[in-house]
Amino acid sequence: MPERLAEMLLDLWTPLIILWITLPPCIYMAPMNQSQVLMSGSPLELSSLGEEQRILNRSKRGWVWNQMFVLEEFSGPEPILVGRLHTDLDPGSKKIKYILSGDGAGTIFQINDVTGDIHAIKRLDREEKAEYTLTAQAVDWETSKPLEPPSEFIIKVQDINDNAPEFLNGPYHATVPEMSILGTSVTNVTATDADDPVYGNSAKLVYSILEGQPYFSIEPETAIIKTALPNMDREAKEEYLVVIQAKDMGGHSGGLSGTTTLTVTLTDVNDNPPKFAQSLYHFSVPEDVVLGTAIGRVKANDQDIGENAQSSYDIIDGDGTALFEITSDAQAQDGIIRLRKPLDFETKKSYTLKVEAANVHIDPRFSGRGPFKDTATVKIVVEDADEPPVFSSPTYLLEVHENAALNSVIGQVTARDPDITSSPIRFSIDRHTDLERQFNINADDGKITLATPLDRELSVWHNITIIATEIRNHSQISRVPVAIKVLDVNDNAPEFASEYEAFLCENGKPGQVIQTVSAMDKDDPKNGHYFLYSLLPEMVNNPNFTIRKNEDNSLSILAKHNGFNRQKQEVYLLPIIISDSGNPPLSSTSTLTIRVCGCSNDGVVQSCNVEAYVLPIGLSMGALIAILACIILLLVIVVLFVTLRRHKNEPLIIKDDEDVRENIIRYDDEGGGEEDTEAFDIATLQNPDGINGFLPHYRRGLLGGMSQDAV
Ligand SMILES: *[C@@H]1O[C@H](CO)[C@@H](O)[C@H](O)[C@H]1NC(C)=O
Ligand SMILES: *[C@@H]1O[C@H](CO)[C@@H](O)[C@H](O)[C@H]1NC(C)=O
């Protein structure tokens, strides 16, 4: 049929080259100056081409443009005629031969070189190659000489709907919050169709839902998936499977289709309040449990998940609010009840708490549904425990005067067994804290007595530890620190703060301050020290010195005249009575030594000794005696030594001193030691000329007894 149509057209348009299908725009798009199409100067270019009128007017057109069309996937019994080449060259006597070259020439497209008919000899697939560029030429049949330049043209493969839509990214997953309103957008999907999107409807897709209704809907054109039911509840159903179809040909029957799946998961919103699993919880706890210990856990369940299920726990009421606290365990999503203050079975045996669990993350959209919280009652029973004794005070401070009598009571501690079966208690002193056994305690009544005298000036504090032990159970022990402070009693007299040595200038003026002294007292009176100074009663009218009390509790000693002379009196002793302000007051006499000295004109002491005139080195009598004794001792030693020496040297004197020395020096034998000593011959000694008149024997013996090396 197309072949016949072509022949018809051919007849009509002879001698033009005709192409099967021409699109109206092509008329305008193929102006004459497109040389690749129209090959200017070629005989193929008709004279009429220059006239625009012709181009616009199809019926009068003299030339064709360079496109042919062929349907893809054509599978008839014979090759499909694509088009026909023709030239209006005057062949004259010559026979024309058409030649085809370019994309697929000879393999896909075959030309009848006589008629110019082009056939597609293979099945074409637009999706594989949409167009072929070929070149046609008319040559002389015999000489093969080109009768005109080659002419290029295109064969376009025309689309048919041979590709189904495909979801390349499927299967899909999407989420949407539960309780969303109707029409909430969930996601969108896209299918692709390999067919020509600009030609026909082969690639025009329409989407629909095959499965997943009535929960979800899809917009046919945009493939946007929306919720189709309001208030879908995650706690009822969490996951939905949606099957989506894309159909081409605009969804009309006969179109091709593809499907994909979309899994929609509802995400949680806080639409459920917490709910306690039990309305009443029972816990029991021993009274001596350590503070902070977990006593029990309460849990409010929440159908939501994640943070929407999170609750914070609180104690909102009850008689144990001060003693217990509840903390929220975000991990386990429960509340832990802990002890905050000590329990006492003997005081209160049970407590009731009202606990509340409240969602932490409230969604205002659902807060109208009621409170997102729940309450439960917790009953806590306190169990009795055997407890150690309890002192009446955590510490004791006792005060005692240092002159307190031995065995006098200085204080008392008390303790009791808090248990119902109250055991009697015995007291003792931890002797590690009272190593000197300064105190005793009455084991029954806890009265502390003084065992040895106290001295505040030795130790102000005696910090001891008292132990209380239950008689019925010796392992129940408590300890308490007792600080005993020793209070001051005026038991020390004041005295000079240091050993003063005063100097007085011979040429000093009357009324001059010779020395200022201060006093000290080991006692520690409450209001500080106040000292009174006085001269001995018999010295009150001392013609030489007077005293003056200063503001700062010190005392100045003043010279009364200027008639002091160290030749006359070198040293004055001035006893001063110092008295404290205790009750009764204590006093002592300290004596100040005042030396008379020679001073320079400006009052600088230069010499204070009378002896200076006699013995310039100023030795004391004691030192002189000692030196004298030494000299005598030395003399005695010298005399003794000389006497002894004389006696011992007697034999040596027999020979000339010099000789002996000479002999000894020359002697070079080694000493014989002990053996030689034995050989000492006194007879020879006494008579050096003896039997042999032989001296060396003796000398040898003498040397042998001495260190020979020293020689
Ligand atoms: C004894 O205890 C008292 C009062 O706690 C304290 O001031 C003092 O420093 C303590 N003395 C000693 C030696 O520990
Ligand atoms: C006062 O000094 C003189 C000598 O200067 C002395 O003889 C006299 O005993 C002194 N009087 C007293 C009370 O020390």
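Atoms considered below: every heavy atom in the structure, side chains included; atoms not considered: hydrogens, waters and symmetry mates. We count ligands from 1, going down the list as the structure has it; atoms in each ligand are counted the same way.
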message: Tell me whether K348 forms a cation-pi arrangement with Y351, defined as NZ or CZ under 6.0 Å from the six-membered ring centre and within 45 degrees of its axis.
response: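 The answer is yes, since K348 meets both limits relative to Y351.
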statement: Short version for F564: what comes under 4.0 Å of ligand 2, heavy atoms counted, is neither
task: Heavy-atom contacts with Q569 under 4.0 Å: which atoms of ligand 2 show up? List them by number with element.
output: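 Answer, ordered by atom number: 4 (C), 6 (C).
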message: Please determine whether salt bridge (charged side-chain N to carboxylate O under 4.0 Å, His left out) holds for the pair E570 and R566, giving the CA-CA distance in whole Å, both sets of side-chain angles, and the decisive distance to 0.1 Å.
response: CA-CA 4 Å; E570 184 190 355; R566 61 190 143 143; over 6 Å; no
- request: Test F324 against F283 for ring pair (Phe, Tyr, Trp, His ring centres under 6.0 Å), laying out the working first.
  value: CA-CA 12 Å; F324 299 95; F283 300 119; 9.7 Å; no
query: With no hydrogens and no angle check, is any side-chain donor or acceptor of K275 less than 3.5 Å from a backbone partner on D374?
result: no
message: Tell me if a side-chain donor or acceptor on N565 pairs with a main-chain N or O of Q567 at a distance below 3.5 Å.
response: yes
query: CD1/I632 to CD1/I637 distance, rounded to the nearest 0.5 angstrom?
result: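 Between I632 CD1 and I637 CD1, I get 12.0 Å after rounding to 0.5 Å.
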query: With under 30° as parallel and over 60° as perpendicular, where do the rings of F564 and H561 fit, or are they tilted in between?
result: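 Aromatic pair F564/H561 classed parallel.
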message: Is there a polar contact, in the sense of an N or O pair closer than 3.5 Å, between Y572 and ligand 2?
response: yes
- prompt: Got an N/O contact under 3.5 Å between H561 and ligand 2?
  reply: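 No; the residue has no nitrogen or oxygen that sits under 3.5 Å from a nitrogen or oxygen of the ligand.
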task: Could you list the residues that satisfy ring pair (Phe, Tyr, Trp, His ring centres under 6.0 Å) with H401, not counting sequence neighbours?
output: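 Not a single residue meets the ring pair (Phe, Tyr, Trp, His ring centres under 6.0 Å) criterion with H401.
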Sub-4.0 Å heavy-atom environment of ligand 1, residues by chain: W461, N463, A483
